[in-house]
There are 2 protein chains.
Amino acid sequence: MAAQVTATPAFTRAEPDARRHSLIEATARVLAREGAAGTSVRAIAVEAGVSPGLVGHYFSGIDALVAATYAHVEGQVSRAIDAALGEAGNDPRARLNAFVTASFRAPVASGELLATWIAFWSLVRSRSDIARQHDEQYAAFRARLEALLGDCGMEAVHRRRAAIAITALIDGLWLELCLSPEAFSAKEAGAIARSAIDALL
Amino acid sequence: MAAQVTATPAFTRAEPDARRHSLIEATARVLAREGAAGTSVRAIAVEAGVSPGLVGHYFSGIDALVAATYAHVEGQVSRAIDAALGEAGNDPRARLNAFVTASFRAPVASGELLATWIAFWSLVRSRSDIARQHDEQYAAFRARLEALLGDCGMEAVHRRRAAIAITALIDGLWLELCLSPEAFSAKEAGAIARSAIDALL
DNA sequence: GCACTTGTTGTACGAGTGTCCAACAAGCAA
DNA sequence: TTGCTTGTTGGACACTCGTACAACAAGTGC
């Protein structure tokens, strides 16, 4: 029958930025579902509803795609924390508490994000460009925390160490929370972090 | 002499335990050198000077081998910390400090170990047996810390949270130290952890 | 000497990998 | 319309992957 020859439009052109974005989001979903080992060019292409060749057209390789996905997810985390800070009002201490609480709440603390982090970490030691990206994003995270500590009245000389400590504490709690959710609760993690900050201020 | 017919002994039988051990150590070396992505059955077999088929004879698959390697490396870390505790003498506070200092010193804090940890973490979410192994080893680490805190006179009701906090802090500092060694030094990490413990006691 | 068990080898297999590329589809310029 | 650029396809390529397995080597018991 000569009807409906093109039932499925096999070809749909998209805005380059939109396509990049959809590939990145597909990568995040595949990482969350399959883990780092099951994340291949083909799996990502299927997830994005696109042919495998297109991945190579937008990204130099799978490593670059993972790095872009990490940057994107880190941006989402950053915005989620900004939103929490916005809701917390103007009191500096309340803002700091909101920062901590948001870190242990969805969408920041979720086992699905963990796979993206792990896939990215596994590239840091072998690829210097990715190591640089990590350094920058870590520095940005710490700088924001230092600013919040300054608003709380902490003297400038102490801020650096305090920010390193709090970042490490949050990261460690976050990691353990994702890896073995039974060991302690998000509520407990928040309480631990807040009392550590009390001690530092 | 009868002409050295067998210049290279292609076949050497080893004690089962010794062979297991040599495969595990080869895996640790490959993980350190190539990262998780480059760690295959063949690469491990070459590193151990053994045919690829032998890996399957001792381990059910590469995941089991990675899990065994993690357990082995964790054992080394544990012994390194025990040795540090032994050198610290009997003063409870000095022992706690030794615990912290050893955590940021070779062989515990080394970028080479990181790859083993990451490879293991990447299996936690998809394999329940490995999740259980992680839970057990995390619980053991924390239990030891709780005992040290008890020796320092901390009341039993506070030990659990304090141990969670210190473990997370050490893990977070350790991770960042391995990922971006430029951000802060091992000495600084030790100082941060020790003053956090001061605050808790 | 012989059978028997078992560590060990090397290879073959099918599935999956990343990368490459000729062909095609769509929009834009002239 | 005609040509040109470019997003997109789908498959071919040359791998590498984990696993399975027949064959072999070294002990062990008899």
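Order of the sequence lines fixes the chain letters, A, B, ..., with proteins taken first and strands second; residue numbering starts at 1 for each chain.
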**Student:** If only side-chain N and O atoms of Arg19(A) are considered, is one of them under 4.0 Å from the OP1 or OP2 phosphate oxygen of dT8(D)?
**Tutor:**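 Checking dT8(D) against Arg19(A), a side-chain N or O does come within under 4.0 Å of OP1 or OP2.
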**Student:** Specify the separation, in whole Å, of atom CD1 of Ile44(B) and atom P of dG18(D).
**Tutor:**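 For the pair Ile44(B) CD1 and dG18(D) P, the rounded distance is 8 Å.
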**Student:** Indicate yes or no: at least one non-hydrogen side-chain atom of Ile24(B) is less than 4.5 angstrom from one of Phe59(B).
**Tutor:**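 Yes, their side chains come closer than 4.5 Å.
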**Student:** Check whether any side-chain N or O of Ser40(B) sits under 4.0 Å from OP1 or OP2 of dT16(D), and answer yes or no.
**Tutor:** no
**Student:** Under 4.0 angstrom, heavy atoms only, what part of the nucleic acid is Arg42(B) near: base, sugar-phosphate, or nothing?
**Tutor:**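 The residue Arg42(B) makes base contact.
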**Student:** Kindly assign one of parallel, tilted or perpendicular to the pair Tyr70(B) and Phe120(B), based on the angle between their ring planes and the thresholds 30° and 60°.
**Tutor:**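 Rings of Tyr70(B) and Phe120(B): parallel, as their planes differ by under 30°.
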**Student:** From the set dG18(D), dA25(D), dT8(D), return the single nucleotide nearest to any side-chain atom of Arg13(A).
**Tutor:**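 Out of dG18(D), dA25(D), dT8(D), the nucleotide with an atom closest to Arg13(A)'s side chain is dT8(D).
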**Student:** What is the distance, rounded to the nearest whole Å, between atom CD of Glu15(A) and atom P of dT8(D)?
**Tutor:**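 So the CD-P distance, Glu15(A) to dT8(D), works out to 10 Å.
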**Student:** Taking only N and O in the side chain of Ser51(A), is any of them less than 4.0 Å away from OP1 or OP2 of dT8(D)?
**Tutor:** no
**Student:** Would you kindly give the CG-to-P distance between Leu23(B) and dG18(D), to the nearest whole Å?
**Tutor:** 14 Å
**Student:** Please walk me through it: do Leu31(B) and Ile118(B) pass side-chain contact (heavy atoms from CB on, under 4.5 Å)?
**Tutor:** CA-CA 10 Å; Leu31(B) 278 168; Ile118(B) 288 176; over 6 Å; no
**Student:** Where along residues 52-73 of chain A does a heavy atom come under 4.0 Å from DNA chain D, residue by residue in number order?
**Tutor:** Gly53(A), Leu54(A), His57(A), Tyr58(A)
**Student:** Charged N to carboxylate O under 4.0 angstrom, Arg160(B) versus Glu188(A)?
**Tutor:**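 Salt bridge present between Arg160(B) and Glu188(A).
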**Student:** Looking only at side-chain N and O atoms, does Glu74(A) offer a donor or acceptor that is under 3.5 Å from a partner on Ser78(A)?
**Tutor:**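 No donor-acceptor contact under 3.5 Å links the two side chains.
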**Student:** Check whether the side chains of Ser195(A) and Arg161(B) place a donor and an acceptor atom closer than 3.5 Å, and report yes or no.
**Tutor:**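 No pair is found: no donor N or O on one side chain lies under 3.5 Å from an acceptor on the other.
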